[in-house]
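Before any comments, here is the structure.
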Amino acid sequence: MATQGTLFEENSTFEPDYVVGKVAAIFFSSPDSFYKVLLVRVDHSSLDWTDDEVVVTGSFGDVAEETTYRFIGKMIEHPKYGKQFAASNYENETPTTKTGLVKYLSSDQFPGLGKKTAERLVDTLGTDLIDKIIADPAVLTSLGLKAEVREHLVSVLTENHGTDQIIIGLNGLGFGSQLAATIFEAYRQDTMRVIQENPYRLAEDINGVSFKRADQIAEQLGFDADAPGRLRAALLETITNLCFSAGDTYAALTPVLNGATSLLEQARPVQISPNDLADQLLALAKDQKIVGTKQQVYLKSLYDSEWGAAEQLVRLHQQQVTVVDDDTDWNHEIRWVQKQLDIDYDADQVDALKTAITAPISLLTGGPGTGKTTIINGLVALFAHLHDVSLDVNEYESGTFPILLAAPTGRAAKRMSEVTDLPASTIHRLLGLTGRETSDAETSGHELSGGLLIVDEMSMVDTFLFKTLMAAIPDGMQVVLVGDRDQLPSVGPGQVFADLLNSACLPATQLTTIYRQADASSIIPLAHAIKAGHLPADFTVNQADRSFFAADPNQVVPLISQVVERAKARGFAKSDIQVLAPMYRGAAGINALNAALQTILNPPRSAKTKQLTAHGEQFRIGDKVLHLVNSPEHNVFNGDMGEIVGIDLASDKTNEDKVDKLTLAFEQTEVEYTRQQFDRITLAYCVSIHKAQGSQFKLVILPLVPQFRRMLQRNLLYTAVTRAQQWLILVGDEHSFSEAAHNESANRHTTLPERLRQVFGQSTETATENQATSKTPKRVQLANSAPIIHDEPAERAGTVLTTALVLSGTVDPMIGMAGITPASFAGSRTDTQSVDN
Ligand SMILES: Nc1ncnc2c1ncn2[C@@H]1O[C@H](COP(=O)(O)OP(=O)(O)OP(=O)(O)O)[C@@H](O)[C@H]1O
């Protein structure tokens with residue numbers, strides 16, 4: 001079938017090779033992309049190929065066996081599998097002569113269509129009738145076909161050829177099979193129309209398509225450098241990048257304008273008018289894609305999520321919980337818990353327990369070993385006692401367990417379950433989310449049921465997930481949010497837990513007495529010293545559970561290798577030892593450490609040991625690996641650790657699929673990945689501190705060197721050392737450790753505290769008073785709160801902003817955007833890296 005328009009044309013100046021032939025077998029068809037491996041019986045080709053058959057790989061739609069295709073691409077030498085034809089595109093060689101078409105249409109594929117009718121169709125509609133029918137099925141209306149025959153004809157043609165055309169189109173644009181599948185999933189049969197009309201939608205809607213990529217397509221399609229869609233896409237990408245890279249929930253206006261200008265001007269050598277850019281910023285606000293206040297620009301989704309979270313918190317704070325009974329003698333109840341659990345709570349812990357059991361929603365924070373888990377256990381026992389519910393999960397086979405325990409990662413949930421001896425799940429699973437949802441304020445999880453929800457590791461929860469979680473909690477369910485405010489904030493935008501504590505709108509307890517010290521741990525006092533901004537005096541003195549080895553960056557890998565070799569000799573398993581580092585690159589970075597540790601912890605047994613190479617890493621059976629993305633279809637999630645338990649090479653005689661495969665065992669499941677999916681995993685002997693958040697390991701080894709300077713912050717070091725359960729080995733430069741302890745972590749720019757104050761209808765001071773006196777904060781009128789921006793519009797300058805004034809006649813999402821004038825760009829056009837928020 002002929003390709004159409006500029007979208008489908010190859011960009012190269014030389015003629016690509018082709019193979020025309022019938023598909024004899026489909027060796028492999030990826031379940032989550034369009035990638036396929038085909039065996040093709042060669043009819044003719046541009047190659048010097050004498051065999052009857054050739055293996056063809058590439059991105060294809062529903063190719064059918066015994067159908068003839070033209071494959072366009074080049075012959076490559078696969079390192080293990082030999083010569084194969086890598087197709088960059090293909091065409092269905094469906095007959096285009098009248099005889100061929102009649103034969104095709106009167107075949108078994110189209111029951112009810114005889115030769116005569118087929119001839120009539122071709123005579124009436126012409127030899128390009130397939131394209132015509134797909135483009136507009138109405139062309140068949142007056143041709144006397146029975147409704148069911150007509151419908152079947154349209155649906156088979158659309159399925160056989162419509163999808164093909166789209167894949168062919170996406171191949172022509174250079175999208176790989178994975179991305180092509182994502183794009184197709186988003187727009188289905190409208191894919192090529194959407195791209196033709198506005199290729200910039202790809203950057204907006206599809207994770208993995210950048211502005212630059214969309215812009216290249218747009219340029220091919222003839223979109224001007226100052227096209228409004230181009231400017232809008234650059235603005236949106238700049239705002240998104242600024243927020244997600246810094247973890248902020250809004251971006252400052254000047255870096256947005258400068259960043260977008262630079263993006264636009266680097267992609268095409270054309271000066272962008274500041275007026276035009278400002279116009280498009282306002283248009284984005286009018287279209288409710290962004291919201292502006294003062295000098296702050298929000299993505300609408302983040303803006304709504306902050307407001308939504310604040311509103312949900314007010315709702316939960318004001319709900320009636322049945323457990324609160326004025327006559328309850330709390331001292332008596334707490335004595336009962338202490339007796340049950342054989343513990344004496346200190347005053348803060350008593351306070352924490354009382355607050356958690358009486359308040360509809362409350363917060364609990366504390367460093368390691370201060371008793372957070374102890375309070376969770378006490379709370380669970382007390383809740384069950386007061387509500388007269390059983391804690392035996394076997395009694396709830398058909399109903400819901402009344403106490404829900406959740407954490408942001410699978411490993412944290414597992415730990416929660418171990419220490420409480422009760423079921424715990426990830427927040428995503430609790431809400432029925434896949435983790436693949438777009439970051440969106442509209443995302444909703446299914447409503448929870450039960451009496452008490454306890455969420456641990458709250459510092460890892462970002463603004464989107466928090467809003468979704470809060471919205472899923474029904475009235476009457478008590479909520480306790482537990483975490484350590486000093487740990488790294490969430491990967492996604494926001495610092496929800498710190499903001500909740502700082503805003504003082506909800507009852508909160510902070511635990512400070514360290515109990516695990518009594519076990520002679522020196523790791524916990526180290527963590528507390530770091531929290532206070534310094535290293536302990538005995539930092540370099542070796543302790544029973546902690547050591548420091550000085551090393552320059554080039555000595556880090558050999559030194560850690562030595563330590564790991566000794567640990568292995570002493571019987572430590574791969575899963576017991578965890579090296580953590582802040583960065584991937586460099587002599588002491590994660591990549592170098594992984595390569596070295598793999599040779600110690602999982603060396604090749606012989607020269608014949610099977611291994612696969614992908615993205616610069618080698619994988620062998622027995623390797624410890626980290627999963628880097630959410631794959632809900634496989635029940636594996638970002639941060640899960642597993643082990644390689646099988647390798648099938650494409651060249652293995654027994655491998656019928658003829659593609660390289662890895663089998664990975666995770667605690668919950670086993671999955672098989674083909675090369676297209678290998679970038680979802682990496683070696684995990686050393687992982688980033690961010691990825692280790694929420695997990696603990698028997699032995700943690702942590703190198704810090706001056707090369708990591710840009711990352712050396714207090715919460716990073718604190719999070720790393722608190723991952724160690726029993727032993728901690730610190731390696732590197734003492735000054736880097738002390739610099740990290742000194743460097744107070746940068747505060748993220750968020751407005752959740754402001755929203756909380758607005759919806760709780762009080763200032764922070766009043767909230768603190770309320771908390772102290774246990775008064776309930778006054779409820780505010782929620783209905784109007786979200787879309788209204790309370791800031792006064794500043795003076796507006798420049799003709800561009802006349803537009804803003806006009807627009808602001810409706811909802812005024814841009815109030816305060818008075819700063820957008822050409823002057824906003826002056827002086828700092830080249831300073832695109834500076835983010836002054
Ligand atoms: N009041 C107390 N009296 C005696 N021991 C206590 C008390 N509170 C807690 N502990 C003990 O201190 C240790 C640490 O407590 P717990 O595990 O609850 O702290 P945590 O804050 O959850 O620590 P982490 O964040 O590191 O998991 C436990 O062994 C616990 O039994």
Side-chain angles (χ1 to χ4, degrees), residues 331 333-357 362-383 405-422 424 454-461 480-489 497-498 501 508-531 545-546 578 580 689 692-700 702 715 717-728:
N331 292 334
E333 298 300 341
I334 284 169
R335 277 198 300 278
W336 177 87
V337 181
Q338 296 191 126
K339 202 165 162 213
Q340 292 293 311
L341 301 186
D342 190 21
I343 197 159
D344 276 332
Y345 291 130
D346 67 30
D348 282 344
Q349 290 178 327
V350 168
D351 205 35
L353 196 54
K354 262 192 200 170
T355 306
I357 196 70
S362 62
L363 314 172
L364 172 61
T365 183
T370 53
K372 298 182 297 298
T373 310
T374 307
I375 296 304
I376 292 177
N377 282 329
L379 177 63
V380 167
L382 187 54
F383 182 90
L405 303 181
T409 67
R411 290 176 71 86
K414 186 175 164 241
R415 197 151 66 91
M416 208 179 175
S417 177
E418 281 164 4
V419 294
T420 55
D421 214 11
L422 290 175
I454 306 174
V455 184
D456 200 1
E457 298 285 357
M458 264 300 296
S459 56
M460 296 177 73
V461 177
V480 183
L481 306 175
V482 185
D484 181 350
R485 67 186 300 165
D486 296 299
Q487 282 197 33
L488 284 169
F497 194 50
L501 290 159
T509 316
Q510 175 150 8
L511 302 178
T512 47
T513 309
I514 310 159
Y515 284 94
R516 205 172 283 144
Q517 225 171 353
D519 309 344
S521 158
S522 82
I523 299 171
I524 289 175
L526 169 69
H528 284 270
I530 292 167
K531 194 160 101 173
D545 60 351
R546 156 166 78 82
Q578 190 58 57
L580 303 176
I689 298 165
Q693 225 182 330
S695 302
Q696 284 201 318
F697 309 89
K698 243 186 196 174
L699 165 63
V700 165
L702 173 70
N715 56 6
L717 177 58
Y718 177 80
T719 303
V721 304
T722 52
R723 300 308 92 211
Q725 268 167 342
Q726 295 181 21
W727 293 278
L728 175 65

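Indexing begins at 1, ligand by ligand and atom by atom, following the structure's order.
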Compute the shortest N/O to N/O distance between Q696 and ligand 1 and return yes if it is under 3.5 Å, no if not.
no

I need the contact type for L511 against ligand 1. Using non-hydrogen atoms and a strict under-4.0 Å cut-off, is it side chain, backbone, both or neither?
neither

When you measure from atom 1 (N) of ligand 1 to each heavy atom in I514, D344, T374, I343, which option holds the nearest one?
D344

Carefully, step by step, assess I375 and L364 under the rule side chain to side chain contact (heavy atoms under 4.5 Å, CB included).
CA-CA 9 Å; I375 296 304; L364 172 61; 3.8 Å; yes

Test: E333 and K354 ion pair at under 4.0 Å:
no

N/O donor-acceptor pair under 3.5 Å between D545 side chain and S522 backbone:
yes

Is there a donor-acceptor pair under 3.5 Å between the side chain of H528 and the backbone N or O of P368?
yes

Per-atom contacts of ligand 1 with G367, taking only distances under 4.0 Å to non-hydrogen atoms
21 (O)

Could you check whether any side-chain N or O of T719 sits under 3.5 Å from a backbone N or O of Q487, counting only pairs where one atom can act as donor and the other as acceptor?
no

Show me which atoms of ligand 1 lie under 4.0 Å from any heavy atom of G371.
15 (O), 16 (P), 18 (O), 19 (O), 20 (P), 21 (O)

Output, in order, the C-alpha distance, side-chain angles, deciding distance and verdict of side chain to side chain contact (heavy atoms under 4.5 Å, CB included) for T374 and Y345.
CA-CA 9 Å; T374 307; Y345 291 130; 3.9 Å; yes

Out of A527, G369, G366, G378, the nearest non-hydrogen contact to atom 14 (C) of ligand 1 is supplied by G369

Atoms in ligand 1 flagged as close to P368, the criterion being non-hydrogen separation under 4.0 Å:
23 (O), 25 (O), 26 (O)

Output yes when the distance from some N or O of ligand 1 to some N or O of Q349 is under 3.5 Å, and no in every other case.
yes

